[in-house]
Amino acid sequence: EILSRAGKQHDEGMAKLADVKAKSKAGPPDWAKKLMAQAGVDPNDPAPMKQLKREDVALQLKEGKSLAGKNLSGADLSGLDLRGVSFKGTHLQKAKLIGANLDGVDLSGAIAGEADFSQASLREAIMTKGVFQKAKFVKARMQLSDMSQALLNEADLTEADLAGAK
């Protein structure tokens with residue numbers, strides 16, 4: 001009888017484990033998917049915080065996927081045409097965007113400490129509530145950009161064009 005009960009408990013445990021595995025494959029619950037979507041993060045992305053490199057970014061853009069909320073820390077995106085892309089809430093620490101075209105991008109809530117935006121074009125960029133501590137904007141074109149409530153402590157804005165920026 002003891003072996004019979006042990007066998008039954010084993011079977012029940014295995015059934016519960018199979019149920020948990022099936023639910024985890026289904027991804028986050030609907031309420032979590034809704035919150036992720038509101039934050040600009042793709043709720044169907046299996047690895048939302050995977051550190052992306054230049055070729056990953058090119059593939060994401062080619063497939064029409066958003067870069068909002070992605071981890072682009074340390075990525076070299078220099079010289080890319082990224083006009084109008086959403087980087088909302090994106091991690092860009094120490095990323096290189098030298099000479100990139102970032103006109104009209106949404107960098108609101110982005111974390112871009114020590115990122116290098118030198119000689120980049122950020123015309124009409126939305127940078128509200130972003131963290132750009134120690135970032136470089138040397139000779140960047142930032143006309144009409146919205147930097148309200150952005151953290152720019154120790155940022156290098158040498159020769160940056162800030163005409164009409166707020």
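Remember, predicted model here, so these are calculated numbers, not experimental data. One-based numbering along the sequence shown.
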Problem - For D116, the option from L92, D156, I98, D76 that meets side-chain contact (heavy atoms from CB on, under 4.5 Å) - result: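 The residue from L92, D156, I98, D76 that satisfies side-chain contact (heavy atoms from CB on, under 4.5 Å) with D116 turns out to be I98.
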
Practice task
Please name the residue in the list L82, L80, L122 that meets the side-chain contact (heavy atoms from CB on, under 4.5 Å) test with L97.
Solution key: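 Only match with L97 under side-chain contact (heavy atoms from CB on, under 4.5 Å): L82.
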
Handout entry: Verdict with reasoning, K136 to F117, per side chain to side chain contact (heavy atoms under 4.5 Å, CB included)
Key = CA-CA 6 Å; K136 293 180 185 174; F117 295 92; over 6 Å; no

Exercise for the section: Please tell me if the side chains of K53 and L72 come closer than 4.5 Å, counting only heavy atoms from C-beta onward. Expected result: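 Heavy-atom side-chain distance check fails, nothing below 4.5 Å.
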
Problem - Side-chain heavy atoms of L107 within contact of T90, under 4.5 Å - result: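 No, their side chains stay 4.5 Å or more apart.
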
Exercise for the section: Begin from the C-alpha positions of Q51 and H91 and carry the test side chain to side chain contact (heavy atoms under 4.5 Å, CB included) through to its verdict. Expected result: CA-CA 9 Å; Q51 191 169 1; H91 296 260; over 6 Å; no

Report the distance from atom [atom1] of [X] to atom [atom2] of [Y], rounding to the nearest 0.5 Å.
| X | Y | atom1 | atom2 | value |
| --- | --- | --- | --- | --- |
| K16 | E12 | NZ | CD | 6.5 Å |
| M127 | K166 | CE | NZ | 13.5 Å |
| E114 | K134 | CD | NZ | 5.5 Å |
| S148 | K129 | OG | NZ | 8.5 Å |
| R83 | R123 | CZ | CZ | 11.0 Å |
| L61 | L77 | CG | CG | 9.0 Å |

Practice task
Could you give me the CA-CA distance, side-chain angles and deciding distance for V138 and L157, then say whether side chain to side chain contact (heavy atoms under 4.5 Å, CB included) is met?
Solution key: CA-CA 5 Å; V138 176; L157 294 158; over 6 Å; no

Practice task
Evaluate side chain to side chain contact (heavy atoms under 4.5 Å, CB included) for L152 paired with M147, printing each intermediate quantity in order.
Solution key: CA-CA 9 Å; L152 291 156; M147 295 178 277; 4.0 Å; yes

Ignoring hydrogens and angles, tell me if any N or O in the side chain of [X] forms a donor-acceptor pair with the backbone of [Y] under 3.5 Å.
| X | Y | value |
| --- | --- | --- |
| D11 | K8 | no |
| S108 | I126 | no |
| D103 | V105 | no |
| Q133 | E154 | no |

Exercise for the section: I would like to know whether D161 and Q143 meet side chain to side chain donor-acceptor pair (under 3.5 Å); could you show each step before the answer? Expected result: CA-CA 6 Å; D161 187 346; Q143 301 93 322; 2.9 Å; yes

Least distance between heavy atoms, [X] atom then [Y] atom:
| X | Y | answer |
| --- | --- | --- |
| S86 | S66 | O-OG, 4.2 Å |
| E124 | S145 | N-OG, 3.7 Å |
| A135 | A112 | CB-O, 3.8 Å |
| A160 | F137 | CB-O, 3.5 Å |
| S121 | R141 | CB-NH2, 3.4 Å |

Practice task
Applying salt bridge (charged side-chain N to carboxylate O under 4.0 Å, His left out), run through E63 and K65 and close with a yes or a no.
Solution key: CA-CA 6 Å; E63 293 176 354; K65 293 182 180 176; 3.2 Å; yes

Problem - Cluster check V131, F87: I/L/V/M/F/W/Y, side chain < 4.5 angstrom - result: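 No, separate clusters.
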
Exercise for the section: State yes or no: do I111 and V57 share one hydrophobic cluster built from I, L, V, M, F, W and Y residues joined by side-chain heavy-atom distances below 4.5 Å, directly or via other members? Expected result: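 Unlinked, I111 and V57 end up in two clusters.
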
